[in-house]
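This report refers to the structure that appears directly beneath it.
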Amino acid sequence: MSVTRKMLIYWSAVVCLTAFAWAAGKGILHPEMTVENGSYDKPMATIGAKPDQPWSATTVSAGVDSKPEPGKPVSMVGEIVDFSCYLQVGKHGEKHRGCGQKCVQNGNAAGLLTKDGALYMLMAEEHDPRRDGGVDIRSVAAGHIVQVNGTEASVNGYNAIFVQGLTKK
């Protein structure tokens with residue numbers, strides 16, 4: 001292989017890696033769509049209780065051989081978004097609050113959008129109550145910046161925070 005061809009391959013790889021790094025570090029889509037309630041320094045509210053163990057007893061018992069996938073207790077701050085609208089059209093913030101709230105209340109997944117642009121699907125942690133309709137993830141307030149406590153889990157590029165304490169009363 002000639003030196004020129006090697007240099008062409010090298011510089012092509014550098015350009016591709018730079019483009020991927022730029023895209024990955026892009027952050028929040030449409031930062032002009034601002035949030036009025038809560039900030040990353042002073043979240044409006046706290047959702048969920050920070051767990052002592054990653055998974056509740058119902059999740060452990062539901063796991064294959066009573067071993068759920070790995071997870072770690074976390075506390076993250078971010079904007080509650082409608083997962084669908086954010087991924088599909090980039091909408092979030094105060095101007096999208098009404099639509100986002102309606103989407104979440106009607107069954108679309110809620111997400112947590114962090115300051116660096118990471119997006120986590122929010123799920124109720126307790127397996128059996130979730131399966132049987134005994135939790136209420138729809139009550140989270142879209143368009144606000146909040147602190148979320150729960151268990152972070154990631155599988156093949158999908159990221160979620162499983163929130164304890166959303167059991168219906």
Side-chain angles (χ1 to χ4, degrees), residues 11-51 54-55 59 69-127 129-130 133 135-168:
W11 285 109
S12 295
V14 168
V15 168
C16 285
L17 290 173
T18 302
F20 285 128
W22 176 81
K26 198 170 180 184
I28 294 175
L29 299 173
H30 300 287
E32 71 275 13
M33 297 188 79
T34 59
V35 177
E36 294 179 9
N37 295 303
S39 70
Y40 293 100
D41 295 326
K42 292 185 180 179
M44 180 181 172
T46 299
I47 298 172
K50 191 161 184 181
W55 303 115
T59 297
E69 296 301 312
K72 65 178 180 179
V74 296
S75 183
M76 291 189 188
V77 174
E79 178 187 348
I80 300 294
V81 297
D82 163 32
F83 213 80
S84 175
C85 288
Y86 185 75
L87 285 177
Q88 189 175 31
V89 293
K91 289 194 170 180
H92 65 100
E94 192 65 32
K95 289 182 180 177
H96 183 254
R97 181 171 156 51
C99 176
Q101 193 66 32
K102 281 172 98 175
C103 286
V104 169
Q105 288 173 347
N106 285 307
N108 281 346
L112 185 74
L113 177 61
T114 64
K115 188 176 187 175
D116 65 359
L119 184 61
Y120 295 84
M121 183 177 290
L122 294 178
M123 306 277 296
E125 193 284 326
E126 295 89 351
H127 184 270
R130 179 181 69 226
V135 294
D136 186 12
I137 193 74
R138 296 176 184 182
S139 63
V140 298
H144 297 314
I145 295 178
V146 300
Q147 177 177 328
V148 174
N149 297 312
T151 299
E152 178 185 359
S154 298
V155 176
N156 297 330
Y158 293 96
N159 302 308
I161 299 173
F162 290 82
V163 182
Q164 289 186 15
L166 297 176
T167 305
K168 290 180 183 176

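Any value given below was found using the heavy atoms of this structure, including those in side chains, with hydrogens, waters and symmetry copies removed.
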*Is it the case that Thr59 and Glu126 place a side-chain donor and acceptor less than 3.5 Å from each other?*
no

*If you round to the nearest 0.5 Å, how far is CD of Glu125 from CD of Gln164?*
4.5 Å

_Please check this pair: side chain of Glu79 against backbone of Gly93, looking for a donor-acceptor N/O pair closer than 3.5 Å._
yes

Please tabulate, one pair per line, all N/O donor-acceptor pairs under 3.5 Å involving side-chain atoms of residues 80-88, not counting sequence neighbours.
unit_1, atom_1, unit_2, atom_2, d
Asp82, OD1, Ser84, N, 3.3
Asp82, OD2, Cys85, N, 3.2
Tyr86, OH, Leu29, N, 2.8

*Decide yes or no for Thr46 and Asn149: does some side-chain heavy atom of the first lie under 4.5 Å from some side-chain heavy atom of the second?*
yes

*For side-chain contact (heavy atoms from CB on, under 4.5 Å), just list the numbers for Met123 and Val163, CA-CA rounded to whole Å, side-chain angles, deciding distance to a tenth of an Å, and then say yes or no.*
CA-CA 6 Å; Met123 306 277 296; Val163 182; over 6 Å; no

Could you pull out all donor-acceptor pairs under 3.5 Å where a side-chain atom in residues 35-44 meets a protein atom, sequence neighbours excluded?
unit_1, atom_1, unit_2, atom_2, d
Asn37, ND2, His144, ND1, 3.3
Ser39, OG, Asp41, N, 3.4
Ser39, OG, Lys42, N, 2.9

Using distance only, find each side-chain donor-acceptor pair of residues 98-113 under 3.5 Å and give its atom names and separation, not counting sequence neighbours.
unit_1, atom_1, unit_2, atom_2, d
Gln101, OE1, Ala142, N, 2.6
Gln101, NE2, Val140, O, 3.1
Asn106, ND2, Lys102, O, 3.0

*Minimal non-hydrogen separation, Gln147 against Ser75, with atom names*: NE2-OG, 2.7 Å

*Short question: side chain of Arg130, backbone of Ala124 - any donor-acceptor pair under 3.5 Å?*
yes

*Please indicate whether Glu94 has more than 12 foreign heavy atoms, meaning atoms of other residues, nucleotides or ligands, lying under 6.0 Å from its CD.*
yes

_Residues which pass side-chain contact (heavy atoms from CB on, under 4.5 Å) with Ala118, listed by chain and number, not counting sequence neighbours_ = Thr114, Asp116, Tyr120

*How would you list, by chain and number, every residue that makes a ring pair (Phe, Tyr, Trp, His ring centres under 6.0 Å) with Phe162, sequence neighbours excluded?*
Trp55

*asked:* Is there a side-chain contact (heavy atoms from CB on, under 4.5 Å) between Thr151 and Ile161? Walk through the geometry before answering.
replied: CA-CA 5 Å; Thr151 299; Ile161 299 173; over 6 Å; no

Run the side-chain donor-acceptor check on residues 152-159: report pairs under 3.5 Å with partners two or more places apart or on a different chain.
unit_1, atom_1, unit_2, atom_2, d
Ser154, OG, Asn159, OD1, 2.6

